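Notes follow once the structure below has been shown.
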There are 2 protein chains.
Amino acid sequence: MVRAGLTTERLVRAGAELADEVGFDQVTVSALARRFDVKTASLYSHLKSSQDLKTRIALLALAELADRAAEALAGRAGKDALVAFADVYRDYALAHPGRYTAARYPLDPETAAASAGVRHAQLTRAILRGYDLAEPDQTHAVRLLGSVFHGYVSLEAAGGFSHSAPPLL
Amino acid sequence: MVRAGLTTERLVRAGAELADEVGFDQVTVSALARRFDVKTASLYSHLKSSQDLKTRIALLALAELADRAAEALAGRAGKDALVAFADVYRDYALAHPGRYTAARYPLDPETAAASAGVRHAQLTRAILRGYDLAEPDQTHAVRLLGSVFHGYVSLEAAGGFSHSAPPLL
DNA sequence: GGGGCTTCCTAAAGCCATTAGGCAAATTCC
DNA sequence: GGAATTTGCCTAATGGCTTTAGGAAGCCCC
C-alpha cells in the first residue's frame, strides 16, 4: 500500500484550495480525504477535528492577507496607502472567496491573539498614521475602515452587487 | 396521541428563536423537532428541507428588520434618519444575533427579489434623498452605507470588538 | 533483518438530512 | 352521530459527516 504522504501542512493547503473551489462551509474532513484518496479517519492523525481544520485554514488566509497587505503598503502613505490596502482585500476576496470567508471564521480569543489578525490591525493603524488622528478617534477610524472594507467586499462577493443576497443594499 | 400543532409559521418562528439562542448555523431540523418534542421526520410535512427552513428564517428576519427600519425612519430626515437607521440595525443585531446572521443568508435571486431586502434598499435610498445625490453617486452611497452598517455591526457582534475574530481591525 | 515509530486502514457509534409508507386524529359531510 | 376523507405525526430505512479505538503495514536505523 502506497502512502499518501499527508501532513497537516498539505492538508490545510488543500483545504484552502477546496474552500476556494466549493465554498468554505463545504470544506469537510471527508471531502478533503476524498481529494487525497484516503479514508476519512486517516486525517485525524494530522487534524484534531473538523473545527481544527477550519481554524487552520482561517489562520492561513489571515496570514496570506496580511502578507499581501504589508507588501502593498510598502512605500505608500495617505490616500495611496488606503487605496492599495483596499485593493488587496478586494482582490483577495475575489480571487480566493473561500479563503476570504475562512478569514472571518470565528476564532477563540487566544488563537486570534496569536494570529495574523493582529498584523492587520497594526497595518490599518499604520495607514491612519498619515491622517494624524489622536486616540480615541484613531481606534474609531480603524474600526470604521474594517467595517467599510469588509462590508463592501462581502457584499460584492455575495452576488456581485446583483441583489442576490445583501439585506443592506 | 396528542398532536403538537405544527405549522410552517410556528416552526419558522421557533427556528428564529433557536437561532438567537444557539446561533444560526446551529439551527437544524433535528434541533427544531426536539424543541417541539416531535420526531424529525414530522417537520418535513411543513418544510421542504433544512435549507428551506433557513431561508424562511432569513426572510422573517429581513422583514422584521425592514419593519423596524421603516418605523424608525418615519418623520426623520438627513443625519437624524441616518443615525436612526443605523441604530435599528445595531440594536437588532445585538438583540437577535441569530436572526441578524440569518438575514445575511444567501438567497437565490428570485427569492431575494421577492423578499423584504428590496424594502431595505428603498429605505436606504429614501434616507439619501435628503443628501441630494445624483446617480450614479446615489447607488454608490447606498452600497457604501450597506457596507459600513453591515461591517460595523458584524464586527461588533463577532466579539464586541474584543479582537476575538475580526481580521480587519 | 528485526525493533519501533509513523502512517494509514478497518470497525463502529452517533448525529443530521431526507424519503416512503402507515396509522390515528381531526374534519367534513350525510 | 357516524362514515369518509384529509391531515398530522410516526416508524423505518438510507446515506453522509464526525470522531474514537485499535490493528497492520511501511519506513528508518542499528
Side-chain angles (χ1 to χ4, degrees), chain A residues 1-60 97-99 101-102 105-108 111, chain B residues 1-61 98-99 101-102 105-108 111:
Chain A
M1 179 185 312
V2 185
R3 292 203 182 177
L6 306 178
T7 66
T8 303
E9 192 65 16
R10 286 187 63 199
L11 288 174
V12 173
R13 223 178 282 287
E17 285 167 25
L18 189 59
D20 286 336
E21 289 167 24
V22 303
F24 182 60
D25 35 284
Q26 304 301 317
V27 172
T28 184
V29 178
S30 299
L32 199 52
R34 243 172 270 133
R35 173 165 288 220
F36 280 93
D37 222 348
V38 142
K39 297 297 173 186
T40 303
S42 304
L43 302 201
Y44 281 81
S45 327
H46 307 280
L47 303 168
K48 268 215 304 282
S49 66
S50 185
Q51 235 211 25
D52 182 41
L53 170 62
K54 287 183 186 149
T55 299
R56 285 173 190 274
I57 295 175
L59 293 176
L60 173 69
R99 283 160 148 99
T101 301
Y105 186 69
L107 306 174
D108 53 287
T111 309
Chain B
M1 181 184 313
V2 185
R3 292 200 181 180
L6 305 179
T7 66
T8 303
E9 193 63 18
R10 287 187 63 199
L11 288 173
V12 173
R13 223 177 281 289
E17 286 167 24
L18 189 59
D20 285 337
E21 289 167 22
V22 303
F24 182 60
D25 35 283
Q26 304 301 316
V27 171
T28 184
V29 178
S30 299
L32 199 52
R34 241 172 273 134
R35 171 165 292 220
F36 280 92
D37 222 346
V38 141
K39 296 298 173 185
T40 303
S42 304
L43 302 201
Y44 281 84
S45 328
H46 307 281
L47 302 169
K48 268 215 306 283
S49 65
S50 185
Q51 235 210 23
D52 182 41
L53 170 62
K54 287 184 187 151
T55 298
R56 286 172 190 275
I57 295 174
L59 294 176
L60 173 69
R99 284 160 147 100
T101 301
Y105 186 68
L107 306 174
D108 52 287
T111 309

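Keep in mind the model is a prediction, meaning the values are calculated, not measured. Values below: every heavy atom of this structure, side chains too, minus hydrogens, waters and symmetry copies.
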task: Using whole Å, report how far CD of B:Q26 lies from C1' of C:dC15.
output: 13 Å
task: Look at A:S45 and C:dC8 and indicate whether a side-chain polar atom (N or O) is within less than 4.0 Å of OP1 or OP2.
output: no
message: I want to verify a distance call: between C:dA17, D:dA12, D:dC9, whose nearest atom is closest to the B:H46 side chain?
response: D:dC9
4.5 Å side-chain heavy-atom contact, A:L107 and A:T55: yes
field: Spacing between A:L32 atom CG and D:dG16 atom C1', to the nearest angstrom
entry: 16 Å
task: Figure out the CG/C1' separation between B:D37 and D:dG8, and round it to whole Å.
output: 16 Å
- prompt: D:dC17, D:dC10, C:dA17: which one has an atom nearest the side-chain heavy atoms of A:S30?
  reply: D:dC17
- prompt: Quick one: which of C:dC8, D:dT19, D:dC9 gets closest to the side chain of A:S49?
  reply: D:dT19
message: Let's go through A:Y105 and A:Q51 carefully: what are the C-alpha distance in whole Å and the side-chain angles of both, what is the deciding distance for side-chain contact (heavy atoms from CB on, under 4.5 Å) to 0.1 Å, and is it a yes or a no?
response: CA-CA 10 Å; A:Y105 186 69; A:Q51 235 211 25; 3.2 Å; yes
task: Could you tell me whether the phosphate oxygens of D:dT18, OP1 or OP2, come under 4.0 Å of any side-chain nitrogen or oxygen in A:T28?
output: yes
query: Quick one: is D:dC17 close enough that its OP1 or OP2 comes under 4.0 Å of any side-chain N or O from A:R34?
result: yes
Of the listed nucleotides D:dC17, D:dC9, C:dT18, the one nearest the side chain of B:L6: D:dC9
- prompt: So, is A:S42 near the phosphate of C:dC9, with a side-chain N or O under 4.0 Å from OP1 or OP2?
  reply: yes
message: Measure CD/A:E9 against C1'/C:dT7 and give the value in whole Å, please.
response: 18 Å
- line: Looking only at C:dT18, D:dC10, C:dC8, the nucleotide nearest the B:V38 side chain is D:dC10
- prompt: Taking the side chain as C-beta and beyond, is there a heavy-atom pair between B:R56 and B:L11 under 4.5 Å?
  reply: no
- prompt: Nearest-Å distance, CG (A:L43) to C1' (D:dA21)?
  reply: 17 Å
message: Tell me the interatomic distance from B:L53, atom CG, to C:dA17, atom P, rounded to whole angstroms.
response: 9 Å
Salt-bridge criterion met for A:E17 and A:R13 (N-O under 4.0 Å): no
query: What nucleotide among C:dT10, C:dT19, D:dT18 has an atom nearest to a side-chain atom of A:K39?
result: C:dT10
message: Tell me whether the count of non-hydrogen atoms from other residues, nucleotides or ligands lying under 6.0 Å of CD in A:E9 goes above 12.
response: no
field: Whole-Å distance separating the CG atom of B:L47 from the P atom of D:dG8
entry: 13 Å
- request: Specify the separation, in whole Å, of atom OH of B:Y44 and atom P of D:dA13.
  value: 19 Å
